[in-house]
Amino acid sequence: MEPTLAALLDDTWRGLVRAAADRRHPWRTPVLATVAADGSPNARTVVLRAVDPATRTLRLHTDGRSVKTAELARDPRVALVFWDPRARVQLRLRGSAALIREGPEHARAWATTPPAARRDYATTLPPGTPIASKDIARGDGAAHFAVIRVRVMTIDRLALAAEGPLRAGFAWEGDEPRATWLVP
Ligand SMILES: Cc1cc2nc3c(=O)[nH]c(=O)nc-3n(C[C@H](O)[C@H](O)[C@H](O)COP(=O)(O)O)c2cc1C
């Protein structure tokens with residue numbers, strides 16, 4: 001049976017929710033693209049931590065001293081790209097990011113971060129600082145931990161199937177998505 005646009009959108013959100021909970025899901029590690037201070041693009045891999053389809057939000061974690069954090073503070077526009085080689089589905093999401101450095105959402109996210117992962121935020125020098133030796137000093141991670149909350153505004157879904165590629169676009173202005181098939 002041919003899928004409907006509504007079914008594809010449901011399937012997309014279900015997949016994203018699963019990916020945030022499953023370390024082995026390929027959508028667990030999307031590429032996050034930001035706009036650098038000089039207007040050029042910048043991109044890196046991140047871990048998808050949580051997804052809420054009702055509010056169209058994704059949660060990511062980072063070091064609040066990282067380059068991406070400074071870029072997002074200056075320009076909140078982001079793109080995220082996901083690729084699942086088994087299902088052969090690419091997702092391209094665009095949206096707007098908010099940085100959360102304190103408060104209940106920040107505290108909840110830190111509380112669910114295991115000790116080994118907390119070490120990532122505990123370097124005494126900011127991420128990306130050139131250092132003379134590969135040995136790095138660590139202090140307290142909580143002070144540097146930051147949550148990135150992305151509100152999704154568009155989804156471009158491309159499925160590569162044996163019978164031919166299928167591409168669909170979804171865009172939100174209010175609560176209801178505008179959905180359309182796209183030429184792949
Ligand atoms: C599989 C994988 C997962 C990663 N997850 C995160 C993450 O969740 N948050 C993060 O800030 N960096 C993560 N990184 C590191 C980033 O890709 C990047 O190197 C680092 O955050 C510095 O990026 P920036 O200088 O653009 O801020 C991950 C890297 C890999 C390879």
Side-chain angles (χ1 to χ4, degrees), residues 12-13 15-53 55-152 155:
T12 299
W13 283 118
L16 286 169
V17 168
R18 259 201 318 276
D22 178 357
R23 287 175 183 283
R24 286 161 310 172
H25 197 298
W27 283 356
R28 167 100 167 156
T29 47
V31 172
L32 169 73
T34 47
V35 183
D38 63 0
S40 63
N42 203 1
R44 78 290 287 158
T45 312
V46 291
V47 174
L48 181 66
R49 311 282 173 167
V51 175
D52 181 14
T55 55
R56 304 201 318 273
T57 53
L58 314 181
R59 180 157 53 78
L60 316 170
H61 295 171
T62 196
D63 188 313
R65 302 165 296 174
S66 63
V67 167
K68 74 180 83 50
T69 314
E71 291 170 348
L72 291 174
R74 204 184 149 274
D75 187 333
R77 292 174 299 168
V78 294
L80 283 144
V81 181
F82 305 72
W83 165 238
D84 181 342
R86 280 171 303 174
R88 298 178 61 73
V89 178
Q90 169 184 264
L91 296 182
R92 298 163 68 201
L93 274 47
R94 299 176 78 193
S96 183
L99 280 169
I100 300 153
R101 298 174 186 269
E102 58 186 13
E105 186 173 349
H106 181 271
R108 270 198 306 276
W110 180 249
T112 62
T113 302
R118 288 183 177 191
R119 281 172 55 82
D120 293 348
Y121 311 101
T123 57
T124 52
L125 294 170
T129 307
I131 42 178
S133 133
K134 64 181 170 43
D135 302 322
I136 41 178
R138 288 195 164 82
D140 172 34
H144 308 308
F145 178 72
V147 172
I148 301 172
R149 197 203 302 128
V150 177
R151 170 106 158 139
V152 176
I155 296 178

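As the structure lists them, so they are numbered: ligands from 1, and atoms in each ligand from 1. Since the model is a prediction, treat every value here as computed from it, not as a measurement. Excluded from the calculations below are hydrogen atoms, water molecules and symmetry mates; all remaining heavy atoms, backbone and side chain alike, are included. Just so you know, residue 1 is the first one in the sequence shown, and it goes up from there.
Among all protein heavy atoms, the one lying closest to atom 21 (O) of ligand 1 is K68 NZ, 2.6 Å. Residue, atom and distance of the protein heavy atom nearest to atom 25 (O) of ligand 1 are V67 CB, 3.5 Å. Regarding atom 13 (C) of ligand 1, its nearest protein heavy-atom neighbour is T45 O, 3.5 Å. Among protein heavy atoms, atom 3 (C) of ligand 1 sits closest to V47 CG2, 3.8 Å.
Taking distance alone, with nitrogen or oxygen atoms compared against 3.5 Å, T29 stays at or beyond that limit from ligand 1. For ligand 1, the polar-atom distance check against D63 finds no nitrogen or oxygen pair separated by under 3.5 Å. An N or O contact shorter than 3.5 Å is missing between V46 and ligand 1 by distance.
Summarising the local packing, CZ of R28 is surrounded by more than 12 heavy atoms from other residues, nucleotides or ligands at distances under 6.0 Å. For CZ of R118, the number of neighbouring non-hydrogen atoms (other residues, nucleotides, ligands) closer than 6.0 Å is greater than 12. In the displayed structure, R138 atom CZ is contacted under 6.0 Å by more than 12 heavy atoms of other residues, nucleotides or ligands.
Between L91 and L16 there is a side-chain heavy-atom pair separated by less than 4.5 Å. A 4.5 Å side-chain heavy-atom check between R18 and V51 finds every atom pair outside the cut-off. Looking at heavy atoms from C-beta onward, E105 lies in side-chain contact with R108 at the 4.5 angstrom threshold. Two residues are said to be in side-chain contact when any heavy atoms from C-beta on lie closer than 4.5 Å; T123 and R65 meet this criterion.
Taking 4.0 Å as the cut-off, R49 counts as a neighbour of ligand 1 on heavy-atom distance.
Within ligand 1, the atoms closer than 4.0 Å to a non-hydrogen atom of T62 are 10 (C), 11 (O), numbered from 1 in the order shown. Counting atoms of ligand 1 from 1 in the listed order, those under 4.0 Å from a heavy atom of S66 are 27 (O).
Contacts with ligand 1 closer than 4.0 Å are made by backbone heavy atoms (N, CA, C, O) of H61 only, the side chain lying farther away.
Note that the CZ atom of R151 and the CG atom of L93 stand 12.5 Å from one another [nearest 0.5 Å].
Within the 4.0 Å cut-off (strictly below), no protein heavy atom is located near atom 19 (O) of ligand 1.
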